[in-house]
Protein chains: 2
Amino acid sequence: MLNEHIEAIVKSTLFKGIDKKELGLVMNCLCPRVSDYRKNEHIVLTGDSFIGLGLVLQGEATVIKENSAGKRIMMTILKQGDLFGEMIAFSHYSDWLASVQAQSDCTVMYLPKEKIISQCEHSCPWHRKLIENMLAILSEKALQLNKKVEYLTMKSIREKICTFLLDQYKMTGRATFMLPMNRNELADFLNVSRPSLSREMCKLRDEGVIDFHLATVRILDVKTLQTCLE
Amino acid sequence: MLNEHIEAIVKSTLFKGIDKKELGLVMNCLCPRVSDYRKNEHIVLTGDSFIGLGLVLQGEATVIKENSAGKRIMMTILKQGDLFGEMIAFSHYSDWLASVQAQSDCTVMYLPKEKIISQCEHSCPWHRKLIENMLAILSEKALQLNKKVEYLTMKSIREKICTFLLDQYKMTGRATFMLPMNRNELADFLNVSRPSLSREMCKLRDEGVIDFHLATVRILDVKTLQTCLE
DNA sequence: AAAAGTCGGTATCCTAGGTTACAAAAAGAA
DNA sequence: TTCTTTTTGTAACCTAGGATACCGACTTTT
């Protein structure tokens with residue numbers, strides 16, 4: 001089983017930094033359950049009891065969350081090497097909070113949470129690495145959600161845009177940079193409508209604060225950009 | 001140092017489930033740095049290099065985040081037993097992302113992250129518990145942020161209210177329940193203005209979907225409440 | 001019990017931004 | 001190139017909900 005799926009395992013953040021040669025031992029110790037699913041089949045269902053952290057070895061799947069009224073909303077697309085269930089694995093929940101459905105024929109590996117934190121008799125060095133990776137995965141997840149909350153909490157589109165552009169400015173260190181997504185995706189990320197986003201960006205251009213052409217943006221007046229956030 | 005601060009340590013989620021008698025050994029192994037701060041003094045500053053997970057042993061402090069324009073926003077109030085820096089400790093960041101300021105005279109303990117994940121020579125049983133707690137803390141944090149994102153993403157106040165009420169209904173299992181916060185806090189949580197929240201709640205009452213008096217709410221028509229979310 | 005402070009409901013007014021629809025530009029395919 | 005598709009910008013229209021202000025009901029203080 002290992003050889004045919006080694007690619008997915010190596011790709012995943014959970015096994016990052018663990019030597020390829022060691023993976024045999026690791027898997028032997030973790031003895032994960034592996035299951036196959038056909039296209040459109042449900043991999044897990046909301047409310048099913050949680051059996052372990054999921055890792056997509058093969059194929060593509062979607063995470064679907066049902067709201068209080070039962071409406072289904074697609075949350076994420078999972079590809080080879082992606083994890084799911086990482087937020088509930090070590091929480092007080094014992095059931096899945098969302099469903100996962102196969103978009104193509106899929107192979108999924110389940111890692112029981114006890115196996116991840118338990119120190120096996122030999123107290124293998126990679127075990128520590130596994131725990132470290134798990135902590136890093138959860139931390140990054142929380143930070144990413146935190147960032148999202150920050151954007152969603154802003155009241156005006158202008159504030160969202162200015163913050164986003166200043167973030168990009170800081171990250172790239174240049175006044176001229178490329179936006180990492182198209183208008184639709186950006187509007188989605190900021191939780192506003194695409195035309196409203198365009199309208200506001202054009203206003204900023206008319207005011208001489210920024211200039212842009214498609215994905216290329218140049219910040220002309222950092223100070224004014226900052227005053228939008230005060 | 002242990003005896004005078006045992007209360008805070010026992011209170012904290014990080015040391016939950018570790019026997020009081022063992023705490024001496026635990027602290028001996030973790031050998032945390034402890035620092036005192038005076039009222040209004042900065043405990044950590046955004047950009048300072050991260051030295052370890054913070055635990056408030058005594059006093060009260062506030063977490064203050066600066067946005068891209070440098071505007072300072074109060075994020076949380078930390079009390080005895082509260083942790084800070086748990087999201088960055090195991091992330092790729094090596095600097096603090098927010099500042100912490102003492103609101104009263106404070107004592108703070110710093111736990112280096114290596115000490116938390118390292119297995120000491122004696123491979124103490126409580127070490128595993130510590131890791132488990134750390135994973136639980138991060139998971140719950142991520143889940144809580146996830147919930148917040150869900151609420152913030154909804155476009156209409158009505159949808160937010162209906163979701164909130166259905167959540168409460170599910171949690172309590174009763175059609176009549178008490179709201180866990182007052183109108184101001186609820187408006188804040190849902191990221192809307194208080195009068196708008198009142199207005200919409202009254203509309204729902206006028207339509208016969210719910211009834212309420214102050215904090216007491218009764219759901220009259222679950223189905224209609226659910227259709228708001230579709 | 002009078003005074004002061006808090007909390008929730010209500011009315012008015014107004015604007016930011018959603019919706020829809022279309023046109024222009026860019027990118028890709030044939 | 002030319003045709004098609006996708007991505008943007010723009011304009012017109014309209015409403016959800018923010019801001020503000022005020023009132024009445026309760027609470028707490030003195």
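If you're wondering where the values come from, they're calculated on a predicted model, not measured in any experiment.
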May I have the list of side-chain donor-acceptor pairs in residues 100-107 of chain A shorter than 3.5 Å, sequence neighbours left out?
unit_1, atom_1, unit_2, atom_2, d
A/Gln101, NE2, A/Asn40, O, 2.9
A/Gln103, OE1, A/Thr62, OG1, 3.3
A/Ser104, OG, A/Glu60, N, 3.0
A/Asp105, OD1, A/Lys39, N, 2.8
A/Thr107, OG1, A/Asp36, OD1, 2.9

Worksheet item: A/Arg183 has an atom CZ; how far is it from atom P of C/dA26, in whole Å?
Response: 12 Å
Worksheet item: If you look at every strand shown and take non-hydrogen atoms under 4.0 Å, does B/Arg158 touch a base, only sugar-phosphate, or nothing?
Response: nothing
Worksheet item: Within this structure, what is the CG-to-P distance between B/Leu204 and C/dG9, rounded to whole angstrom?
Response: 12 Å
Discussion item. I need the CZ-P distance between B/Arg199 and D/dA19, as an integer number of Å.
Written reply: 12 Å
Worksheet item: When A/Tyr151 is tested against each of A/Asp167, A/Thr163, A/Asn191 for side chain to side chain donor-acceptor pair (under 3.5 Å), which residue passes?
Response: A/Asp167
Worksheet item: For B/Lys155 and D/dT15, what is the distance between atoms NZ and P respectively, to the nearest whole Å?
Response: 18 Å
Discussion item. Does D/dG18 have its OP1 or OP2 closer than 4.0 Å to a side-chain nitrogen or oxygen of B/Ser193?
Written reply: yes
Worksheet entry | Upstream residue (5' side of DNA chain C) when A/Val192 and A/Leu214 are each assigned their closest nucleotide | A/Val192
Item to complete: Would you kindly give the CG-to-C1' distance between A/Leu197 and D/dT8, to the nearest whole Å?
Response: 10 Å
Discussion item. Any salt bridge linking A/Lys155 with A/Glu159? Criterion: basic side-chain nitrogen under 4.0 Å from a carboxylate oxygen.
Written reply: yes
Fill in: Given C/dG8, D/dT10, C/dT10, the nucleotide with the shortest approach to the side chain of B/Asn182
C/dG8
Discussion item. Between A/Ile157 and B/Cys202, which residue's closest nucleotide on DNA chain C lies nearer the 5′ terminus?
Written reply: B/Cys202
Discussion item. Measure CG/B/Asn184 against P/D/dC26 and give the value in whole Å, please.
Written reply: 19 Å
Practice prompt. Test A/Leu83 against every option in A/Ile137, A/Val56, A/Leu78 by the side-chain contact (heavy atoms from CB on, under 4.5 Å) rule and name the one that passes.
Written response: A/Ile137
Practice prompt. Specify the separation, in whole Å, of atom CD1 of A/Ile161 and atom P of C/dA16.
Written response: 14 Å
Worksheet item: How close or far is atom C1' of D/dT8 from atom CZ of A/Arg205, stated in whole angstroms?
Response: 10 Å
Worksheet item: Heavy atoms under 4.0 Å, any strand shown: does A/Arg194 hit a base, just sugar-phosphate, or nothing?
Response: base
Discussion item. Between B/Ser198 and C/dG8, is there a contact of a side-chain N or O with OP1 or OP2 at under 4.0 Å?
Written reply: no
Worksheet item: Any side-chain N or O of B/Ser156 under 4.0 Å from OP1/OP2 of D/dA16?
Response: no
Fill in: B/Arg205 to B/Phe212 six-membered ring, cation-pi geometry met (6.0 Å, 45°)
yes
Worksheet item: NA contact type, B/His213, heavy-atom cut-off 4.0 Å: base, sugar-phosphate, or nothing?
Response: nothing
